[in-house]
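Below you'll find the structure, written out as structure tokens, and then a few comments.
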Amino acid sequence: MSVSEKQTVEIIKVIYRGAEILILDEPTAVLTPQETVKLFQILRNMKQDGKAIVIITHKLHEVLSISDKVAVLRKGKYIGTVETQNATEKSLTEMMVGKAVSLNIERPETKNQEVRLSLTNVSMTNKEGVAMLKNVSFTAKSGEILGIAGIAGSGQKELLESIAGLRQI
């Protein structure tokens, strides 16, 4: 059973115990978008049954999609509460930061875009013969930041060890 399935089971157990208030702290931190949709449907059903739900999160798009009201804290101090229907990511960000914030970041064009690392169709298997990397290709140039993301066990460690020469590709 995955972590997210365990969380869903625990929430269902709470519902069966007759809890009237559910407090969740970063409930979607380890969930996929699909699992988040399932969790939010469960929470909406609980709301229809008259349960009170408090969600603590920094994911503004989730706050706007699931909540009725949003309370904002800044540096541990209560700033205010707004009706979600009257809130936007921009307005919530301004409450959180204390001033207008531009969410658009302008990045200057990088000069000297020299190729620093290039991988083409890199594949590798583990000791058991299971494919850990399959046809991975990318190029990282001077002045760039390349992010590699994935859940645990999806090959990030093996990729980095292969680049470092610690694993055979």
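Just so you know, these numbers come straight off a predicted model, no measurement behind them. Keep in mind that the numbers below use all heavy atoms, side chains included, and drop hydrogens, waters and symmetry copies.
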Connected via hydrophobic side-chain network under 4.5 Å: [X] and [Y]:
X: Met46; Y: Leu31; value: yes
X: Ile79; Y: Val70; value: yes
X: Val136; Y: Ile148; value: yes
X: Ile56; Y: Val72; value: no
X: Val82; Y: Val97; value: no

Keeping the roles fixed (side chain from [X], backbone from [Y]), state whether a donor-acceptor pair exists under 3.5 Å.
X: Arg167; Y: Glu161; value: no
X: Thr125; Y: Val130; value: no
X: Thr139; Y: Ser118; value: no

Any donor-acceptor N or O pair under 3.5 Å, side chains Ser91, Glu94: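 No.
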Ser67 and Thr84 side chains, donor-acceptor separation under 3.5 Å: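 On atom types as modelled, these side chains qualify, holding a pair under 3.5 Å.
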Salt bridge flag under 4.0 Å for residues Lys51 and Glu20: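 Answer for the salt bridge query: yes.
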Residue pair Gln113 / Lys141: nearest heavy atoms and the distance that separates them: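 Answer, listing the atom of Gln113 first, then Lys141: O-CD, 3.8 Å.
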Closest non-hydrogen atom pair between Asn121 and Ser137, with its separation: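 It is N-OG, 2.7 Å.
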